[in-house]
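Letters go in sequence order (proteins before strands), and every chain restarts at 1. Here the structure is a predicted model, which means the values were calculated and not measured.
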Protein chains: 2
Amino acid sequence: MSSGERLPSTRELAEQLHISRTVVVLAYEQLLAEGFVRGHTGSGTYVAEGLGTVRQSTHISGAKVNLSRFGSLAESATAKVSFPGNRSTPLRKDFAYGLSDVETFPFEMWRRILLRHAREAPVRELDYGPAAGSLALRDAISVHLRRSRAVVCDPSQVIVVNGSQQALDLIARVLIEPGDRVAIENPTYQGTREILRTAGARLLPVLVDRDGLNPAKLPEAAHIAFVTPSHQFPTGAILPLARRLTLLDWARKKGAVIVEDDYDGEFRYGEQPLESLQGLDTEGRVIYVGTFSRTVFSALRIGYLIVPKSLVPAFTSAKWLCDRHTATLEQETLAEFITNGMYERHLRRVRRRNTAHRKALLDAIHKYLGGRVEVTGDGAGAHVVLWPRKSVSESIVVEKAASQGVGIYGISQYFLTRPSRTGLMLGYSRMNEQEIREGIRRLSEIL
Amino acid sequence: MSSGERLPSTRELAEQLHISRTVVVLAYEQLLAEGFVRGHTGSGTYVAEGLGTVRQSTHISGAKVNLSRFGSLAESATAKVSFPGNRSTPLRKDFAYGLSDVETFPFEMWRRILLRHAREAPVRELDYGPAAGSLALRDAISVHLRRSRAVVCDPSQVIVVNGSQQALDLIARVLIEPGDRVAIENPTYQGTREILRTAGARLLPVLVDRDGLNPAKLPEAAHIAFVTPSHQFPTGAILPLARRLTLLDWARKKGAVIVEDDYDGEFRYGEQPLESLQGLDTEGRVIYVGTFSRTVFSALRIGYLIVPKSLVPAFTSAKWLCDRHTATLEQETLAEFITNGMYERHLRRVRRRNTAHRKALLDAIHKYLGGRVEVTGDGAGAHVVLWPRKSVSESIVVEKAASQGVGIYGISQYFLTRPSRTGLMLGYSRMNEQEIREGIRRLSEIL
């Protein structure tokens, strides 16, 4: 296609490619965000000027390309995060989720540490660093996790990666062969699903209920399970202790591995918060995945794996092969930010803010939506899911809300099977309490 | 093993694991560098104190691990870079290769740009960024490559990655299925070899001669070839124009893809420097790989791919799946560093310095080693290879030199077959001219 040409409508393209319209919408939003296309409400999407010709084909003449794996735009546009602000109608009340708290983050302090490391960096911090990460950061992470999440580990078990997406990729590389049967929660984060698909895994989805994954329903054939026990993504369910113990028992009996993605574990609102699943494991069967994308900021690209000691060499090798190591300056800065106590202090502030936002949100839901919706996910994390009791169309509600400047996000894209109910995701980390109330009031007029 | 325990000797372990002793030596050096073990000359290597127990097994009881892919330490310890300074005898004359010029790099200017971006970063630079890289950096890279390497591209074809290792990984993901036949140079960079192996490719090594890869010897079965035409790694051969054209012709006839790894393309000493292979390609069959690891600094972790337009969506998706995107602050800093002309100026300074070092090295080789060695690789890059005419043992020469404080590096680890001659790699970017002369003088006493 050339500059100024009109792209097919999202409905046309979805039909043509036999993929869900949500995926196409997200792909178009990504193209908008990256400046490749321009959008006009009601009049479609156009190739941006000055970009030359964009070919639609995904091949080199005669050459084989893994089209099945990477041929569509879909993967690049799906995310454990919503896409705010790429619409023609600005979303002034945007319940975006999966974002860090940039208002609270102490950037001045962060920059001071960054600059000192940039200034004093010895030559060894400019050359290639250790594949598993800087010793200072691995140490800081293990100390923090022991205290905050009751993770049982020492620094040698920490593998520093570029966010949790790379952690999932390394796990697939080290532990999954094509054809392997893998149990995953349904619904689940697309980053997990797509990494497993491209690794050739056979996905065995386990429908989650209000308490998350039911270990009694784990398929016999699976030898590895991917779970989000602290705040199931996306439903927000918290896995109760009894299920955690049954899950670990299942792994022991099967000789299986459990991957615990603790993407939201730092934010908990219950009276007796549950710590990590990894901390309950006595056999070294749990691989723990964490990220600083929501607690520091996403563009930093730092996450980590806590792996059993026996797997440290394999994961270190896999990380080396992927990209040798994560950028050093960011690692050293983050290590000091954690070690000097700033990170803990920041987390406390974010927890207080999230607690207030969550209360405003639940109060507004109670006031304006009353008995019309069920709520899940309010026990932890920074988003909830509204499940309207009356049957409504996800796309219609999402579009109507957007036209009123309210950003809400459908849950259906995360399901591997057709969802039986409509669910709407609402994040609350980036809005103030007044915006939250006004957003829910407007939403109540639509629902 | 526990703290203070003695590791098996490199010879014992090599025999036990049926791998080359060089690989074990490098693995031990990596462990030393990461602080997991301590070394005493002549008395072996010991597990460092305070690290708890290091298990030798690489498995979870009952669980399947891709041992064949990631089970050994070897991959994490092999590199397109030498490991200086991890020995008990310090290498005062270290011909380390694969390193950037940290003496010449304008860090003050770099830090000023870094700090300004850290200070002024708008919120969108703290949230997730575009998978293919920041538009400013993609633009800066395409402008630079068009001018400096005659690469034919526009910004939409640039995919920003975490160094060339990730570029190679993305290529393997997008273009290679298990069992695919892939032509690679012999010898070759291990990062390339191991990525292809873990992707399940069948490697078809093509022995390089003084002019690099001979396209007439490309195997019929290959549908993709990995080449380093500017400065063959590790021999340093420059692929002549006639061979380049034959290579492109082979790709056209076969419907094949060529991967051009231009790791050292910025440093050339000939009268009529050859530009990139990509620039000669009229069919979009060349994928170009570049890195800032040698021209800025390695710990930055930024490299790039230039891909045919038809493959942009596939590579963007693959990058998203791997780790969503490369850290934003580094990308923005680098974009400005290139755009404001600092990068070009720095490259000119490094070229001048390398030119002087190279002359000192070639003069010293002529003076002290005369007709006793052949030299390859002096036409480009920042390292040469010495090939002693008399039959000598690589490991004996390397160890003797090390005992004299001279760091030289055997080439045998890069071969896929048993090398017919001994080759010694000498980098010259980090030594001054006097050190170079003294190093060669000492080496002449050993050879």
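Once rounded to the nearest 0.5 Å, the distance linking CZ of B/F297 with OG1 of A/T328 reads 8.0 Å. Here the CG-CZ distance, from A/L126 to B/F105, works out to 8.5 Å after rounding to the nearest 0.5 Å. Residue B/D323 holds its CG atom at 8.0 Å from CG of A/D169, rounded to the nearest 0.5 Å. The CD atom of B/E194 lies 9.5 Å from the OG atom of A/S317; values are rounded to the nearest 0.5 Å.
Heavy atoms closer than 4.5 Å to chain A are found in both the backbone and the side chain of B/R119. Within the 4.5 angstrom heavy-atom criterion, only side-chain atoms of B/R430, from C-beta onward, approach chain A. Contacts between B/L114 and chain A at a heavy-atom distance below 4.5 Å involve the side chain alone, from C-beta outward. Proximity to chain A is limited to the backbone of B/T326, based on heavy atoms less than 4.5 angstrom apart.
Ranked by heavy-atom pairs shorter than 4.5 Å toward chain B, the options A/Q331, A/E125, A/Q166, A/H325 are led by A/H325.
Between the side chain of B/Q165 and the backbone N or O of A/C322 there is no donor-acceptor pair closer than 3.5 Å. Panel note: side chain B/R111, backbone A/L115; no donor-acceptor pair is recorded below 3.5 Å.
When all heavy atoms of B/A327 and A/E330 are compared, the closest pair comes out as CB-OE2, 4.0 Å. Here the closest non-hydrogen pair linking A/W320 and B/G191 is CZ3-CA, 4.0 Å. Smallest separation of non-hydrogen atoms from A/I195 and B/L321: CD1-O, 3.5 Å.
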Please step through side-chain contact (heavy atoms from CB on, under 4.5 Å) for the pair A/N162 and B/R301, ending with a clear verdict.
CA-CA 11 Å; A/N162 312 332; B/R301 311 309 308 129; over 6 Å; no
